[in-house]
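Have a look at the structure below before the remarks.
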Amino acid sequence: MSSATRHWPVPSPRPTAPRGVRPISGPGGRPLAARRGSWRQLSAGSVRGLANEVAGAMDPVLSLGAGLLLLLLWARHKGLEYLLLHHRWVFVCLFLLPLSVLFDVYYQLRAWVVWLLHSAPKQHSQRVRHIQAQVREWKKEGSKTYMCTGRPGWLTVSLRVGKYKKTHKNIMINLMDILEVDTERQVVRVEPLVTMGQLTAHLNPMGWTLPVVPELDDLTVGGLIMGTGIESSSHIYGLFQHTCLAYELVLADGSLVRCSPTENSDLFYAVPWSCGTLGFLVAAEIKMVPVKKYVKLHYKPVRGLEKICEKFTEESKMKENSFVEGLMYSLEEAVIMTGVLTDEAEQGKINRIGNYYKPWFFKHVEKYLKANQTGSEYIPARHYYHRHTRSIFWELQDIIPFGNNPVFRYLFGWMVPPKISLLKLTQGEATRKLYEQHHVVQDMLVPMKSLEKSIKTFHSDLNVYPLWLCPFILPNNPGMVHPKGDEMELYVDIGAYGVPKTKQFEARASMRQMEKFVRSVHGFQMLYADCYMSREEFWDMFDGSLYHKLREQMNCKDAFPELLKIDCHIQPKLQFYSGI
């Protein structure tokens, strides 16, 4: 009942309270009625009115409380494991989403305070010296076990939990700040745990961005260097590692070394894809490029696999396209997107796709396919860079099935997405095994000339849609990943994330078949995901010559495990050491 319809009995004459005692007041400071002859007691009508007011205000709270109580009783009856396995959205919505918000608020405030106080450079030097001291202490103690970072395995944006950390010497590395923005050299110097979301939030208002900005907010610079990263601008700039100008590492002997294409060049080219097995990354210098306000994005539905591959290849070769990306919704249907940076936007065509209440990006793109019409719109640059973050590409639809519902988006979309690290931390062994056997998260990098054959293989072995297509230029640099010939070559990342619909899918057999195909076309598998190759097959896919040479020269064999190791306790598959 609104305040306009409240009826408060007004006594006449007004009772007077003793000195020093204030009469009981209602809304607006008006005194509540008292029974004639006594200021201490309310009239029966007043009591009923007040009770009705309190009851009305408590109804929603009581209803919510009752609902939560029933939910908790049901969860207790079914068991936590059952809840996490079959109704994970309940746990995610009630606990992980609020926790994720708190995580974001804390790290954003911390980054703001550090930058405001300009304390990052001074603290960086102290922290690096502390890392060096830890490594020297490890040597002094006899180098009994391998070293790794002390960062918990569940914090990494990877499918692996990092069980090796329990048996290795943990070196604490707390490096998560932007150190310097040099606009004259167009270089930003950062620590390894700086995230993509942190960088774009800092650089974009200054008129700068990174040439390659992998989509998810929580991806770290260290992970993208020691592993790899890609974006729809990679057809111009290459992989994330190809935009880096220098690395600083603490080596196995505790020394601090800087490497670049002209200084310790072998180490510079060996670091990417090495997953922290050559040293501890403590800083990186990355190229910056000017950014504009908007990305003018053009959507073109294409049908027929041959036409899709032709159009995608054609657009990927056009350097005037700032961005190229494809989403395949079936074997014969796709939307190919091309974008250019611009400061001007047509009125009525601006789509702030990153706003919490907006549809998930891949669902928004699908509308053009269903309507069978092309279209163009202007997306704010930072919204574009993180367009797949809110739905974690399309993985969130399997975790919160109603997550793209307009009601959910308007009420709770501001808390989305849950942190991938928290999802890993709380998934439980049963959920992990279920995902391992019935869920695929893989990125395969294949030559563009093999695109059509590759999509057919993905369809027959996995049948997972949407498929993500992202082109990139691969230069013929030394290191683990380079083209087969002497010239740079156009490649494409095919990303499959979801539940395979092929009837004969079996995780190990199907993925081994997929890996065999990728090796046959001289492609590469991203190392964040499960790998089922043998050691011989792995080094047939990757060029380990420079990597093994440096591990020998820098005495890494006793300090860090090799890039891969066999873990036969679960199933015969390769597990990758990660120093981040």
Side-chain angles (χ1 to χ4, degrees), residues 200 204 207 209-215 230-237 289-330 332-391 393-394 404 406 409 413 448 451 465-472 490 492-493 495:
T200 55
N204 288 179
T209 189
L210 302 184
V212 175
V213 184
E215 291 85 357
I230 193 171
E231 173 49 60
S232 55
S233 58
S234 289
H235 67 297
I236 299 173
Y237 299 105
V289 294
V291 71
K292 297 183 179 179
K293 292 181 180 179
Y294 303 100
V295 173
K296 182 180 180 182
L297 196 62
H298 180 72
Y299 304 87
K300 182 171 180 57
V302 185
R303 286 179 166 80
L305 181 58
E306 185 177 347
K307 290 183 178 179
I308 291 170
C309 295
E310 287 178 0
K311 182 64 176 175
F312 186 76
T313 303
E314 175 190 336
E315 297 291 353
S316 300
K317 291 179 178 178
M318 297 175 65
K319 300 301 183 184
E320 54 265 37
N321 288 328
S322 304
F323 308 98
V324 179
E325 176 183 23
L327 293 184
M328 292 198 66
Y329 292 90
S330 73
E332 302 289 337
E333 296 178 309
V335 177
I336 296 174
M337 290 159 279
T338 57
V340 293
L341 287 164
T342 178
D343 280 324
E344 304 297 329
E346 298 177 40
Q347 290 299 321
K349 281 195 170 186
I350 298 176
N351 184 5
R352 304 185 186 279
I353 195 68
N355 287 347
Y356 70 89
Y357 52 83
K358 287 284 189 173
W360 289 346
F361 183 71
F362 79 97
K363 287 294 187 183
H364 172 67
V365 174
E366 191 177 16
K367 292 177 182 177
Y368 290 94
L369 181 66
K370 291 180 176 180
N372 195 29
Q373 63 181 22
T374 61
S376 296
E377 62 184 2
Y378 297 82
I379 300 177
R382 190 164 188 265
H383 288 221
Y384 176 80
Y385 287 134
H386 301 288
R387 62 199 178 280
H388 291 299
T389 290
R390 288 191 301 123
S391 56
F393 280 87
W394 30 94
N404 194 47
R409 292 200 313 263
M448 185 68 78
L451 177 59
Y465 293 98
L467 282 179
W468 189 53
L469 305 180
C470 185
F472 69 98
L490 189 61
V492 57
D493 175 9

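Treat the numbers as computed from the prediction; the structure is a model and nothing was measured. The basis for the numbers below is simple: all heavy atoms, side chains too, and nothing from hydrogens, waters or symmetry mates.
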> Any idea which heavy atoms bring Ser316 and Val324 closest together, and the distance?
Replying inline: OG-CG1, 3.7 Å
> Residues in side-chain hydrogen bond (donor to acceptor under 3.5 Å, both in side chains) with Tyr356, at least two apart?
Replying inline: none
> If every non-hydrogen atom of Ser233 is compared with every non-hydrogen atom of Pro211, which pair is closest and at what distance?
Replying inline: OG-O, 2.6 Å
> Are the side chain of Arg303 and the backbone of Glu332 linked by a donor-acceptor contact shorter than 3.5 Å?
Replying inline: no
>> For the CG atom of Asp493 and the OG atom of Ser232, what is their distance to the nearest 0.5 Å?
In response: 11.5 Å
> If every non-hydrogen atom of Val212 is compared with every non-hydrogen atom of Pro214, which pair is closest and at what distance?
Replying inline: O-CD, 3.4 Å
>> For a quick test of reading the model, state the closest non-hydrogen atom pair linking Gly375 to Tyr368 and the distance between them.
In response: CA-CE2, 3.7 Å
> side-chain contact (heavy atoms from CB on, under 4.5 Å) with Thr389: which residues, sequence neighbours excluded?
Replying inline: Leu216, Asp217, His386, Pro417
> Can you name the nearest heavy-atom pair linking Ser376 to Lys349, along with the distance?
Replying inline: O-CD, 4.0 Å
>> Keeping Asn321 on the side-chain end and Thr338 on the backbone end, is there a donor-acceptor pair under 3.5 Å?
In response: no
> Quick check: does any side chain N or O of Thr342 sit under 3.5 Å from a backbone N or O of Tyr294, one acting as donor and the other as acceptor?
Replying inline: no
> Should we count NZ of Lys358 as having more than 12 external heavy atoms under 6.0 Å?
Replying inline: yes
> CZ/Phe361 to CD1/Ile379 distance, rounded to the nearest 0.5 angstrom?
Replying inline: 5.0 Å
> Which residues satisfy the side-chain contact (heavy atoms from CB on, under 4.5 Å) test with Thr374, sequence neighbours excluded?
Replying inline: His298, Lys300, Pro301
>> To the closest 0.5 Å, what do you measure between CG (Leu490) and OG1 (Thr313)?
In response: 7.0 Å
>> If the condition is side-chain contact (heavy atoms from CB on, under 4.5 Å), which residues does Lys307 pass it with, not counting sequence neighbours?
In response: Val302
> Checking side chain to side chain contact (heavy atoms under 4.5 Å, CB included) for the pair Val295/Tyr385: CA distance, chi angles, key distance, verdict?
Replying inline: CA-CA 9 Å; Val295 173; Tyr385 287 134; 5.8 Å; no
> Where do Met328 and Ile308 come nearest, in terms of heavy atoms and distance?
Replying inline: CE-CD1, 4.0 Å
> Is the Tyr299 to His364 ring centre distance short of 6.0 Å?
Replying inline: yes
>> When you compare the side chain of Lys293 with that of Tyr378, does any pair of heavy atoms fall below 4.5 Å?
In response: no
> For Phe472 and His235, what are the C-alpha separation, side-chain angles and deciding distance, and is it a side chain to side chain contact (heavy atoms under 4.5 Å, CB included)?
Replying inline: CA-CA 4 Å; Phe472 69 98; His235 67 297; 5.9 Å; no
> Which pairs, with at least one residue in residues 364-385 and sequence neighbours excluded, count as a salt bridge (charged side-chain N to carboxylate O under 4.0 Å, His left out)?
Replying inline: Lys363-Glu366
>> One pair to check against side chain to side chain contact (heavy atoms under 4.5 Å, CB included): Met448 and Phe312. What are the steps and the verdict?
In response: CA-CA 9 Å; Met448 185 68 78; Phe312 186 76; 3.7 Å; yes
> Rounded to the nearest 0.5 Å, what separation is found between the NZ atom of Lys296 and the CZ atom of Phe323?
Replying inline: 14.5 Å
> Can you pull the salt bridge (charged side-chain N to carboxylate O under 4.0 Å, His left out) pairs that have at least one residue in residues 308-326, sequence neighbours excluded?
Replying inline: Lys311-Glu315, Glu325-Arg387
>> Can you tell me how far apart CG (Asn351) and OH (Tyr384) are? Round to the nearest 0.5 Å.
In response: 13.0 Å
> Can you tell me how far CH2 of Trp468 sits from CH2 of Trp394, rounded to the nearest 0.5 angstrom?
Replying inline: 8.0 Å
